[in-house]
Amino acid sequence: MEQLLDAARAQLGAAHAPYSGYAVGAALETDTGAVYTGCNVEVANYSNSLHAEEVALGAAVADDHRSFDRLAVVSAAGDGVTPCGACRQTLAEFCPPTFEIACESEAGVETYRLGDLLPEPISHEHLEASDE
């Protein structure tokens with residue numbers, strides 16, 4: 001996990017966070033061992049900003065990956081940031097409830113399971129049920 005955290009830390013300097021000053025880096029490992037990284041990209045109307053986890057996932061999906069093993073998320077603040085609700089839902093599209101998420105704080109690394117952070121995600125089954 002340390003290499004994945006290092007890859008996430010390396011993205012902090014690339015973050016574009018001129019409004020909040022809150023840099024976030026993420027590193028996503030595929031089931032084949034490939035690592036995709038991302039940083040947050042803020043824009044003036046916050047709602048169009050991209051989160052580090054989304055950037056990493058988007059790059060992996062664009063490279064035709066659909067199965068992932070784990071994710072590391074860090075912030076320059078060292079506050080143990082976890083993926084937001086929207087990112088959790090996006091991860092749930094591709095990752096099982098057992099998917100590991102490592103979050104770093106000044107006190108150390110805490111590892112979570114996606115299913116614990118998002119116990120009832122919206123899934124394709126919900127959409128199929130609404131068609132009936």
Side-chain angles (χ1 to χ4, degrees):
M1 187 63 81
E2 192 60 34
Q3 289 179 323
L4 204 59
L5 286 161
D6 285 343
R9 287 185 207 110
Q11 288 297 297
L12 292 174
H16 179 73
Y19 306 105
S20 71
Y22 190 78
V24 178
L28 177 66
E29 185 176 328
T30 71
D31 63 343
T32 64
V35 174
Y36 289 83
T37 59
C39 61
N40 56 322
V41 180
E42 289 181 355
V43 296
N45 83 342
Y46 286 122
S47 65
N48 287 359
S49 295
L50 300 173
H51 296 183
E53 302 92 330
E54 294 174 304
V55 173
L57 181 65
V61 169
D63 247 1
D64 206 27
H65 292 280
R66 300 292 187 276
S67 185
F68 306 97
D69 284 346
R70 55 193 183 155
L71 172 73
V73 181
V74 301
S75 76
D79 58 1
V81 66
T82 63
C84 74
C87 287
R88 294 173 190 190
Q89 181 62 57
T90 301
L91 289 166
E93 183 72 18
F94 298 95
C95 306
T98 56
F99 178 75
E100 289 186 345
I101 302 169
C103 303
E104 182 179 56
S105 72
E106 291 179 4
V109 176
E110 187 75 35
T111 302
Y112 303 93
R113 302 270 183 212
L114 179 58
D116 294 332
L117 294 176
L118 185 68
E120 295 294 331
I122 299 169
S123 69
H124 67 277
E125 287 92 4
H126 291 104
L127 299 177
E128 290 170 358
S130 70
D131 287 343
E132 296 174 355

Restricting to non-hydrogen atoms, name the atom on [X] and the atom on [Y] that form the minimum distance, rounded to 0.1 Å.
X	Y	answer
A72	A8	O-CB, 3.8 Å
A52	V24	CB-O, 3.6 Å
A92	L118	CB-CD2, 4.0 Å

Quick check for you: to the nearest 0.5 Å, what is the distance between [X] atom [atom1] and [Y] atom [atom2]?
X	Y	atom1	atom2	result
C84	H51	SG	NE2	4.5 Å
E29	T37	CD	OG1	13.0 Å
L50	H16	CG	NE2	10.5 Å

Go through the steps for T30 and Y36 under the test side-chain contact (heavy atoms from CB on, under 4.5 Å), then give the verdict. CA-CA 8 Å; T30 71; Y36 289 83; 3.9 Å; yes
Mind running side-chain contact (heavy atoms from CB on, under 4.5 Å) on L28 and E53 for me, showing each step along the way? CA-CA 8 Å; L28 177 66; E53 302 92 330; over 6 Å; no
Can you tell me if CD on Q89 sees more than 12 non-hydrogen neighbours from other groups inside 6.0 Å?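 Count over threshold, so yes.
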Please test E2 against R9 for salt bridge (charged side-chain N to carboxylate O under 4.0 Å, His left out), starting from the C-alpha separation and ending with a verdict. CA-CA 10 Å; E2 192 60 34; R9 287 185 207 110; 3.1 Å; yes
In chain order, what residues pass the side-chain contact (heavy atoms from CB on, under 4.5 Å) check against D64, with sequence neighbours excluded? R66
Which residues pass the side-chain contact (heavy atoms from CB on, under 4.5 Å) test with A17, sequence neighbours left out? S20, N40, E42
Run the side-chain contact (heavy atoms from CB on, under 4.5 Å) test on C87 and E54 for me, step by step, so that the C-alpha distance in whole Å, both residues' side-chain angles and the decisive distance to 0.1 Å come before the verdict. CA-CA 7 Å; C87 287; E54 294 174 304; 3.8 Å; yes
In terms of hydrophobic clusters joined by side-chain contacts under 4.5 Å, are [X] and [Y] together?
X	Y	result
M1	L12	yes
L57	Y112	yes
F68	V73	yes

Check whether any side-chain heavy atom of [X] lies under 4.5 Å from a side-chain heavy atom of [Y], and answer yes or no.
X	Y	answer
V35	L4	yes
D79	S105	no
P121	R88	no
L91	L71	yes
V43	Y19	no
I101	T111	no
C103	V74	no

Stepwise side-chain contact (heavy atoms from CB on, under 4.5 Å) check, Y22 with V81: CA-CA 11 Å; Y22 190 78; V81 66; 3.3 Å; yes
R113/D116 salt bridge by N-O under 4.0 Å criterion: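 Here D116 does not pair with R113 in a salt bridge, since their nearest N and O are not under 4.0 Å apart.
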